[in-house]
Amino acid sequence: MKSLIILFIGCVAHIQAGVYTDRFLSQYKKIHDSGNGYFSKEGIPYHSVETLMVEAPDHGHETTSEAYSYYVWLEAMYGAINGDFSSFNRAWDILEKYTIPTHEDQSSNDNYNPSSPATFAEEKDTPQDYPSKIDSGVSVGEDPIYQELVSAYGNSDIYGMHWLTDVDNVYGFGDTPGGGCENGPSANGPSYINTFQRGPEESVWRTVPQPTCDSFKYGGSNGFLDLFIDDSEYAHQWKFTNAPDADARAIQAAYWASKWADQKGQLGSITNTLSKAAKMGDYLRYSLFDKYFKKIGNCVGASQCAAGKGKESAHYLLSWYYAWGGSMGAQYGWAWRIGDGAAHFGYQNPLAAYALANESNLKPKGSTAVEDWKKSLDTQLEFYSYLQTPEGAFAGGATNSWKGRYATPDSNLTSNTFHGMFYDWEPVYHDPPSNNWYGMQAWSVDRLAQYYYVTGDSKAKTLLDKWIPWVVNNIKFSGNKFQIPSNLAWSGTPGNNLHVSISSYNDDVGTASSTARALAYYAAKANDNSAKTAAKQLLDVMWENYQTSKGVSVEEPREDYRRFNEPVYVPSGWTGKYPNGDTIDSSSTFLSLRSWYKNDPEFHKVEAYMNGGGAVPTFTYHRFWAQADVALAQGAYGLLFNE
Ligand SMILES: *[C@@H]1O[C@H](CO)[C@@H](O)[C@H](O)[C@H]1NC(C)=O
Ligand SMILES: *[C@@H]1O[C@H](CO)[C@@H](O)[C@H](O)[C@H]1NC(C)=O
């Protein structure tokens, strides 16, 4: 009896008790309460509980690889606090099943020729300039990692997340993961889809959503293909796009799971999942390369710029995407792969790079993978330094391919390059400019701070020593509210009057949580009391004043919802249909391509406004990433300071 009691007490002592870890558990419970609507019946986390939602996804019940990555992280921390890592394994299983294409989904990879990864087509400035002509006259470099991946894993398929899924099959394409192509509106879902394909001005309001597997059943006579690419003939085909920041976040979460499980003596229960995360990191290297594997540095002129040999085409930064595709069936038999020459500082993840280079449980099998991630870590740290303003915030990024077509950059960009890549204050998208959103700072610097916490690297500390006071000085508290930066404005170029200013503030709980977590990790390592105090105050004010029945959130005005009426460019004479019969032609608008939005319970809030009347509609959203971030920030503070 006595020994039982002692055992019991010993057990209790192992469970973390504290205000902040309790808050984690309380928020975790709300996210998992089936009445709150965060997950589909398959267990897939939706982008948001609310369905009327337009930002990067164009519907709340789509999901993204971002949401999956937050889900994995949430469950890793649940293990750290509760001692049970089975839900971490389960989250990875869901991710794998529903967002990593199966062999059937990417069936023609064996036909891929790594010495000719893809055929060049220019990116254009506006959607009106599309379709873009395919140009086999432009030389492309070789893919130097294909063969070692095949050797390591015994097949030619890619293990990476496709970024966007229509979980409820609202569009009706029925591109079922692992289950065939264009099964139509009667399929249950989830269904892989894709959006953006038409340059930096093609925001969500101007895009034509399309299936990932196109057998010409929907769209026009060539499916959706000839909206984007001008070719002499078109074949049935599949294609997927990866968002590297999300894969890196999933790997970062796996890193924490390995540390936390090790502390709890549970490492053995997750090693299988860790090896899958390592495998994802092997393939994530595609994002470290130029889009057409051309040589990095002063790559000007599509025909002039040299095709890369070996690793000459690696910039070693986490770029905006990698993508892969191929023909359906054996009839034509081809496949392609692209990297991306454009890198945003906000996508960098030094902790994931460090984990893949240095953590034995996360060691990728590819023969040069560890070396590549080591170089990536060093390059990422150098990139932050290149982009840091004297104020502390980080400016946009750099590209190896100006305007996405190896164009000649403005003359003010040709000195002070990043290893010959040109500074871009708004990499990849311009509507709105990609680095105006403060969230990029909070997300990326949080990862930098975690890397610093783990390694104590003085290079990271130097960067953070400038960023942390900038943000601390720009968090405002008044009564039971806080304000943090919302939008930023940029001027100058690296080394030449590069500056940031804050153009607006808000009280977004997602970015505030990432900010608090960055402050907490920095404070714990650097012993910085002002960072710790600011983190704690943000967490407390948010927790005590922003509760909703489903999580923690604030109302936000959506002036951009006026754009439900915005015309979507479709070339004159082009006509096609969505699975539900919605017409696609030159009179299309955002709403006409999505007539199903008229049945949304909240549509009435948008209708009057988009027609020029009524007040700006407001929404209190529960985005999966933001609600997970709330939990993860409270939990991280609790784990770090045990308060
Ligand atoms: C990480 O791994 C690299 C490459 O193996 C090595 O050079 C470096 O010293 C390691 N860093 C740490 C902090 O262990
Ligand atoms: C570089 O010069 C161009 C052309 O004068 C100008 O439009 C652009 O804003 C400048 N870029 C930066 C980052 O200052």
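Order of appearance sets the numbers: ligands from 1, and atoms from 1 within every ligand. What you see below is based on every heavy atom in this structure, not just the backbone, and it leaves out hydrogens, waters and symmetry mates.
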From H59, R623, E55, residue fulfilling side chain to side chain donor-acceptor pair (under 3.5 Å) relative to H47: E55
Sub-6.0 Å ring centroid separation between F383 and Y347: no
4.0 Å heavy-atom contact, G492 with ligand 2: yes
Atom 14 (O) of ligand 2 protein-contacted (non-hydrogen atom, under 4.0 angstrom): yes
Any side-chain heavy-atom pair of W205 and D58 under 4.5 Å: no
Nearest candidate to atom 12 (C) of ligand 2, where distance is taken over non-hydrogen atoms, out of D424, N496, D410, N412: N412
Nearest-0.5 Å distance, OG of residue S486 to OH of residue Y505: 10.5 Å
Any protein heavy atom nearer than 4.0 Å to atom 7 (O) of ligand 2: no
